[in-house]
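In what follows, a single structure is set out as structure tokens and then discussed.
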Amino acid sequence: MHEDLSTASKNVNYWSGTTTLMPLVGGFVADAYTGRFYMVLFSSFVYLMGLSLLIMSQFIPSLKPCNTKICQEPRKVHEVVFFLALYCISFGTGGYKPCLESFGADQFDDDHLEERKKKMSFFNWWNFALCFALLLGATVIVYVQDFVSWGVATLILAILMALTVVAFCVGKPFYRYRRAEGNPLTPIFQVLIAAIRKRNLSCPSNPSLLHEVPELERTQGRLLSHTNRLRFLDKAAIIEEKRVEQKYNPWRLATVSRVEETKLVLNIIPIWLTSLTIGVCVGQGQTLFVKQAAATNLEISDSFKIPPASMASVAAVGTLIAVPIYDRIVVPILRKVTGNERGINILRRIGIGMTLSVILMVVAALVEKKRLRLMVGHETMSVLWLIPQYLILGVGDSFSLVGLQEYFYDEVPDSMRSIGMALYLSVLGVGFFLSSFLIIIVEHVTGKTGKSWIGKDINSSRLDKFYWMLAVINAFVLCVFLLVSKRYTYKTVQRRAMETDSCKSDGVEMVA
């Protein structure tokens, strides 16, 4: 479409941001009303509609980019249909992406030791499968796009999507389902209002005096143990003597579990905020890294030239290598050393990924500096120089992204797990928007003072300085994240011990 570097990067980030923020809507609707299975099914058809529009924009003559083989400026109708198709895919992704992953994790019983361990591996292998798909997409699909036809490539994707929807429906009789429990935000508001109403009361020194529904009378969900964080909210569970005989009012009296669920949601906020830089780094891999690759010598041999977008396959390979090693070798060793079911706790895993993000930006800056230096001497750098930064990106994702998936599934209330996965995706979405925002700011500020860091094309830009800036930002946010995670208290579930084992989870209380 002949967009310049800045416009193209911003458009990709806007679309990626929307795609990863829409799951907040889809996850909420699924948790509150439709259930995850039906949301996955409905949104898959919306996704297919988007792919169909993309196919039409390539094959129907009046919707094609232009009449000639080489477009100087695409038709407006093509642009409209093209972006309409992309945003249909965004809406479809908003439903199935958070619900499908949480629906998959729901197939494991949290109260069964072996199933619980398998669920911890589920997120690793989920990411492994996604990266295997990314590898195929960045090689086979990109090759078809570049050397056959964009329309044919999209047609292949539509056929594959249709087949997976059929496969998903075939498994319907065998799934475990979690019933939608209504608006999951209502209990949170009830706790906040009840705590404010009883703000003048003093919390009892013994938490057992707070209101809780006996486990035998509980119809759904799990009981959470009392924690000492955010003690003000405990006032919502104080039983008022003058109201003991009155009818139970959830807007005035909440259970300890409801209070703890509200604490979970509030404690997620600082973790969510400090993990946004992960999304910013991932955004570079989809935009500026590709432009870097396009400006290098893409010839691997005399007969083979790699498409720039196919460099994403190197990141996929990094994850494909890191995940099995971590899941099958590192975790069993760490379980014996630490006694933790996960090997290391979730936030520590995310912290390792954030550390690798800092290293990623430093390496990317050094490689870009070398490319610019060679360009001055009229030399072209080999694309192989970009392999280290893509590998670090892939290995880092196996820690940060998988860790975030586990965190936002496990640490939200049970009734909000689709929303939890949507919160994970929103880290990427907001990160993409922040990336666009940073590009706008940097372009504006550096353009005034001299040569812009983000120019019309990559050779007139100074992406190395932009990457150094991101490295500094990531390092600062990492320090804040470490401070927040050090004071973090994990979700503590009252779980009946179905099996005995020496391993402990991040936050679990076993009861007889």
Side-chain angles (χ1 to χ4, degrees), residues 1-16 65 70-74 138 142-143 145-147 280-302 304-315 359-393 432 434-474:
M1 291 187 177
H2 300 276
E3 294 178 344
D4 58 42
L5 177 62
S6 175
T7 304
S9 295
K10 284 185 284 188
N11 275 336
V12 171
N13 283 323
Y14 290 148
W15 177 76
S16 298
I70 301 175
C71 295
Q72 296 303 318
E73 186 177 343
V142 169
Y143 180 86
Q145 287 173 340
D146 283 1
F147 299 107
V280 174
C281 292
V282 173
Q284 308 317 309
Q286 298 184 11
T287 53
L288 298 181
F289 282 13
V290 178
K291 288 292 186 180
Q292 264 186 294
T296 61
N297 181 5
L298 296 168
E299 292 183 357
I300 304 299
S301 65
D302 293 336
F304 182 72
K305 185 177 180 181
I306 186 170
S310 291
M311 287 301 294
S313 63
V314 178
I359 298 172
L360 166 68
M361 290 296 106
V362 170
V363 171
L366 293 173
V367 171
E368 177 63 9
K369 180 70 174 177
K370 179 178 178 63
R371 190 192 69 80
L372 291 173
R373 191 166 59 247
L374 289 173
M375 186 191 70
V376 172
H378 303 288
E379 296 181 58
T380 305
M381 187 176 76
S382 171
V383 72
L384 299 179
W385 277 92
L386 298 182
I387 288 178
Q389 68 194 60
Y390 273 103
L391 278 176
I392 295 170
L393 177 63
F432 293 146
L434 283 176
S435 181
S436 290
F437 176 73
L438 285 172
I439 289 173
I440 293 170
I441 296 298
V442 168
E443 187 180 22
H444 178 73
V445 173
T446 58
K448 279 186 174 181
T449 58
K451 185 179 179 182
S452 175
W453 291 1
I454 313 290
K456 278 284 186 182
D457 58 70
I458 193 168
N459 289 330
S460 63
S461 304
R462 289 303 305 268
L463 292 186
D464 55 325
K465 293 183 178 180
F466 183 67
Y467 292 152
W468 278 116
M469 183 191 73
L470 289 180
V472 172
I473 292 173
N474 274 271

Spacing of CH2 belonging to W385 relative to CG belonging to N297, to within rounding of 0.5 Å:
13.5 Å

For a quick test of reading the model, state the closest non-hydrogen atom pair linking V290 to G285 and the distance between them.
CG2-O, 3.8 Å

Close side-chain approach of C281 and N474, heavy atoms under 4.5 Å
yes

To the nearest 0.5 angstrom, please state how far the CG atom of N459 sits from the CE atom of M375.
4.5 Å

Test log, rule side-chain contact (heavy atoms from CB on, under 4.5 Å), inputs K465 and V442
CA-CA 10 Å; K465 293 183 178 180; V442 168; over 6 Å; no

Any idea which heavy atoms bring T380 and T296 closest together, and the distance?
CG2-C, 3.6 Å

Name the one of P307, P308, S313 that satisfies side-chain contact (heavy atoms from CB on, under 4.5 Å) with V142?
P307

Qualifying ring-ring contact (aromatic ring centres under 6.0 Å, His included) pairs with a residue from residues 437-467, counting only residues at least two apart or across chains:
F289-Y467

Not counting sequence neighbours, list each pair that qualifies as a salt bridge (Lys or Arg N to Asp or Glu O under 4.0 Å) and has a residue in residues 359-371.
E368-R371

Mind checking whether L366 and D464 have side chains closer than 4.5 Å, heavy atoms only?
no

Are V367 and M381 side-chain neighbours, meaning at least one heavy-atom pair lies under 4.5 Å?
yes

Evaluate side-chain contact (heavy atoms from CB on, under 4.5 Å) for K291 paired with T287, printing each intermediate quantity in order.
CA-CA 7 Å; K291 288 292 186 180; T287 53; over 6 Å; no

Student check: side-chain heavy atoms of S436 and Y14 closer than 4.5 Å
yes

Please round to the nearest 0.5 Å and tell me the distance separating atom CG of L386 and atom CG of L391.
11.0 Å

CG (L360) and CG (L470) are apart, to the nearest 0.5 Å, by 9.5 Å

S461 side, atom OG; Q292 side, atom CD - distance, nearest 0.5 Å:
10.5 Å

Decide yes or no on side-chain contact (heavy atoms from CB on, under 4.5 Å) for F432 and V282, but give the supporting numbers first.
CA-CA 8 Å; F432 293 146; V282 173; 4.1 Å; yes

Any I300 side-chain heavy atom under 4.5 Å of V383 side chain
yes

Of all the heavy-atom pairs spanning A293 and L298, show the shortest one and how long it is.
O-CD2, 3.2 Å

Checking I306 against M311 for the side-chain contact (heavy atoms from CB on, under 4.5 Å) test, could you report, in this order, the C-alpha distance in whole Å, the side-chain angles of both residues, the deciding distance, and whether it holds?
CA-CA 8 Å; I306 186 170; M311 287 301 294; 3.8 Å; yes

To the nearest 0.5 Å, what is the distance between OG1 (T446) and CD (E443)?
7.5 Å

